[in-house]
Structure formats: C-alpha cells, structure tokens
Amino acid sequence: QVQLVESGGGLVQPGGSLRLSCAASGSIASINDMAWYRQAPGKERELVARITSGGKTNLSDSVKGRFTISRDYAKNTVDLQMSSLKPEDTAVYYCNADIRKHFQLLPMPTWGKGTLVTVSS
C-alpha cells in the first residue's frame with residue numbers, strides 16, 4: 001500500500017506565507033514526477049506546481065514568483081512554499097505523485113486526501 005499524506009494547511013492572512021508538505025510512504029520502488037494541485041470551491045482541480053525526478057520545476061502562471069516547489073528525494077517528500085498569498089489562493093491543495101510500487105512495472109498516479117488553505121483577513 002502506498003499513500004501520500006499532506007500537512008501544513010490552515011488559515012493565513014493575505015500577504016502571508018504558508019508551507020505545505022507531502023510525504024510518500026509504503027512499498028515504493030521509485031517516484032517520477034511529484035506535484036501540487038488545488039481545487040477551489042465550485043472550480044475544477046488545477047495544477048499548481050510540478051517537479052520532475054530530475055529536479056525540473058514547472059509552476060502555473062498564477063503562482064509564479066510567489067510559490068516554490070522543492071523535493072527531498074531521500075525522504076520521498078515534496079514541499080510547496082507559498083508566499084504573498086491572496087484570497088484567490090484559497091483551495092484544497094492535493095499532493096500528487098507518479099509512483100511505481102515494488103513488483104509493479106509502470107508508475108501509477110497517486111493522490112493525497114488534500115489539505116485546506118484559507119487566505120482571509
């Protein structure tokens with residue numbers, strides 16, 4: 001069994017900062033891309049940031065210059081550092097990773113349960 005567990009969500013004022021963390025655990029052979037998505041009320045889930053197994057990062061235009069994604073390959077974790085937060089960043093943030101389990105040929109997308117980030121004064 002493989003799982004992703006997010007942490008670090010909460011309430012923050014506009015202009016503030018928050019750091020989300022996601023840890024992968026279980027019978028993991030390898031992890032390819034890791035990413036953060038978010039889903040605001042009434043909206044579709046959208047990609048926020050992605051980091052490849054080689055360390056290449058990709059951020060959505062809406063968060064460029066404010067958010068940073070990083071990864072610890074030894075610990076199988078991925079973090080999202082969020083700064084200059086805006087009310088429109090309010091959403092449930094989901095961790096995603098392409099994980100190949102032991103005795104599995106191909107990696108499969110895996111999702112965490114999400115963590116709520118609320119930006120409000």
Side-chain angles (χ1 to χ4, degrees):
Q1 187 73 9
V2 171
Q3 63 176 353
L4 296 174
V5 178
E6 303 100 335
S7 61
L11 173 65
V12 62
Q13 292 186 343
S17 298
L18 208 59
R19 188 177 185 90
L20 304 182
S21 294
C22 171
S25 63
S27 182
I28 297 172
S30 63
I31 302 178
N32 291 349
D33 293 2
M34 300 188 82
W36 286 94
Y37 286 73
R38 68 185 181 188
Q39 187 166 19
K43 296 188 176 181
E44 294 187 353
R45 191 173 298 189
E46 63 173 356
L47 175 66
V48 176
R50 179 185 301 277
I51 183 166
T52 70
S53 57
K56 182 177 179 181
T57 62
N58 180 39
L59 284 86
S60 69
D61 289 342
S62 62
V63 305
K64 279 181 181 176
R66 301 188 298 122
F67 291 12
T68 303
I69 187 170
S70 61
R71 182 170 171 177
D72 187 322
Y73 295 87
K75 296 181 179 179
N76 287 334
T77 60
V78 61
D79 290 350
L80 185 69
Q81 177 66 47
M82 305 183 293
S83 304
S84 302
L85 283 160
K86 306 174 181 180
E88 50 264 43
D89 294 318
T90 295
V92 177
Y93 284 71
Y94 296 91
C95 181
N96 168 268
D98 291 331
I99 298 176
R100 185 173 68 84
K101 296 190 288 187
H102 288 298
F103 309 112
Q104 187 177 53
L105 184 61
L106 298 174
M108 297 294 289
T110 305
W111 291 90
K113 294 183 178 180
T115 184
L116 177 62
V117 173
T118 304
V119 184
S120 175
S121 55

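Quantities reported herein were computed from a predicted structural model and do not represent experimental measurements.
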As an exercise, state the distance from [atom1] of [X] to [atom2] of [Y], rounded to the nearest 0.5 Å.
X	Y	atom1	atom2	answer
Leu59	Leu80	CG	CG	7.5 Å
Ser30	Lys101	OG	NZ	12.5 Å
Met34	Ser70	CE	OG	10.5 Å
Leu47	Asn58	CG	CG	6.5 Å
Leu85	Gln13	CG	CD	11.5 Å
Thr90	Arg38	OG1	CZ	9.0 Å

- [ ] Count the heavy atoms of every other residue, nucleotide or ligand shown that sit under 6.0 Å from CD of Glu88, and state whether that count exceeds 12.
- [x]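 Check passes, neighbour count above 12.
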Open item on the list: Please say yes or no: joined through hydrophobic side-chain contacts below 4.5 Å, possibly via intermediate residues, are Val92 and Val117 part of one cluster?
Closed with: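 In one cluster with Val92: Val117, no.
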Open item on the list: With clusters defined by side-chain heavy atoms of hydrophobic residues (ILVMFWY) lying less than 4.5 Å apart, directly or transitively, does Ile28 cluster with Tyr73?
Closed with: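 Yes, one cluster joins them.
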Open item on the list: Tell me whether Lys64 is salt-bridged to Asp61, with the criterion being a basic N under 4.0 Å from an acidic carboxylate O.
Closed with: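 A salt bridge links Lys64 with Asp61.
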Open item on the list: Using a strict threshold of under 4.0 Å (side-chain N to carboxylate O), is an ion pair present between Glu6 and Lys113?
Closed with: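 Looking at Glu6 together with Lys113, the answer is no, because their closest N to O distance does not fall below 4.0 Å.
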- [ ] Please name the residue in the list Tyr93, Trp111, Tyr94 that meets the ring-ring contact (aromatic ring centres under 6.0 Å, His included) test with Tyr37.
- [x]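 That would be Trp111; it is the only one of Tyr93, Trp111, Tyr94 passing the ring-ring contact (aromatic ring centres under 6.0 Å, His included) with Tyr37.
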Open item on the list: Checking Ser120 against Thr118: is there a side-chain donor and acceptor pair closer than 3.5 Å?
Closed with: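 Ser120 and Thr118 do not have a side-chain donor-acceptor pair below 3.5 Å.
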TODO: Would you please say whether a donor-acceptor pair under 3.5 Å links the side chains of Asp79 and Ser21?
DONE: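 On atom types as modelled, these side chains qualify, holding a pair under 3.5 Å.
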- [ ] May I ask you to decide if Ile69's main-chain N or O and Arg50's side chain share a donor-acceptor pair within less than 3.5 Å?
- [x]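 The answer is no, because no donor-acceptor pair under 3.5 Å joins these two groups.
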Quick one, [X] and [Y] - any side-chain contact, counting heavy atoms below 4.5 Å?
X	Y	answer
Pro107	Ile99	no
Cys95	Trp36	yes
Val12	Ser17	no

Minimum heavy-atom distance between [X] and [Y], given as atom pair plus value:
X	Y	answer
Met82	Leu20	CE-CG, 3.7 Å
Asp89	Arg66	OD2-NH1, 2.7 Å
Leu4	Ala97	CD1-N, 3.7 Å
Gln39	Lys43	NE2-O, 3.1 Å
Ala24	Ile31	CB-CD1, 3.9 Å

